[in-house]
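As structure tokens, the structure follows; a few thoughts come after it.
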Amino acid sequence: MTVQDCMKLPYTRIIKPISDESGHYFVALALELDGCMTVGDTYIDAYKNLDEAMSLWFEDALENGDKIPACLDSEDYSGKFVLRIPKSLHRKLAVEAKLEGISLNQLALYKLAQ
């Protein structure tokens, strides 16, 4: 695998506008690539800088024999996960759901979406 091969993969890119005491700029990161992030004055600058940061990240990983992480793909998610909670919280949520006339799953989804 080469850097060029890695760059063709659909890694998750996140670009977020920031306004703070140092001004207005954009932070860009590759979600699957630990520590791979950069900034830019504009969205386009941040995107281009992220391309360069990712290329350097892959180059370093390949030179050191590090594993290249898999891309996150929506096909990898079923929409279901198991969560262990204390019995007292389970009871409280079940009672709340019953009072609202909805299922515990619907209540949990509502609370997670807030």
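Judged purely by distance below 3.5 Å, without hydrogens or angles, the side chains of Tyr110 and Gln106 never pair a donor atom with an acceptor atom.
Remark: Met1 CE to Cys6 SG distance equals 4.5 Å, nearest 0.5 Å. Interatomic distance, Gln114 CD to Leu109 CG, rounded to the nearest 0.5 Å: 10.5 Å. Taking CG of Asn49 as the start and CD1 of Ile44 as the end, the distance is 11.0 Å to the nearest 0.5 Å. Here Leu56 contributes atom CG and Asp51 contributes atom CG; the two are 11.0 Å apart, rounded to the nearest 0.5 Å. Separating the CG atom in Leu62 from the NZ atom in Lys67 is a distance of 13.5 Å, to the nearest 0.5 Å.
Listed by chain and residue number, Val95 satisfy the side-chain contact (heavy atoms from CB on, under 4.5 Å) test with Leu99 (two or more places apart in sequence, or in another chain). Residues satisfying the salt bridge (charged side-chain N to carboxylate O under 4.0 Å, His left out) criterion with Asp60, sequence neighbours excluded, are absent altogether. For Glu96, the salt bridge (charged side-chain N to carboxylate O under 4.0 Å, His left out) test picks out Lys111, with sequence neighbours left out.
The side-chain heavy atoms of Leu33 and Phe58, taken from C-beta on, include a pair separated by under 4.5 Å. Between His90 and Leu83 there is no side-chain heavy-atom pair separated by less than 4.5 Å. Within the 4.5 Å cutoff, the side chain of Glu52 has no heavy atoms near those of the Thr38 side chain.
Looking at every heavy atom in both residues, Ala46 comes nearest to Ala28 through O-CB, 3.6 Å.
With a 6.0 Å radius and a threshold of 12 heavy atoms from other residues, nucleotides or ligands, Asp5 has its CG atom above the threshold.
Below 30°, between 30° and 60°, or above 60°: for Tyr43 and Phe26 the angle between ring planes is above 60°, a perpendicular geometry.
A donor-acceptor pair under 3.5 Å links the side-chain atoms of Tyr11 to the main chain of Pro69, judged by distance alone.
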Open item on the list: Test side-chain contact (heavy atoms from CB on, under 4.5 Å) on Leu93 and Ile85; report intermediate values, then the result.
Closed with: CA-CA 11 Å; Leu93 292 171; Ile85 59 174; 4.1 Å; yes
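Checking each of Asp41, Asp20, Asp45 against Tyr25 for a side-chain hydrogen bond (donor to acceptor under 3.5 Å, both in side chains) leaves exactly one that passes, namely Asp20.
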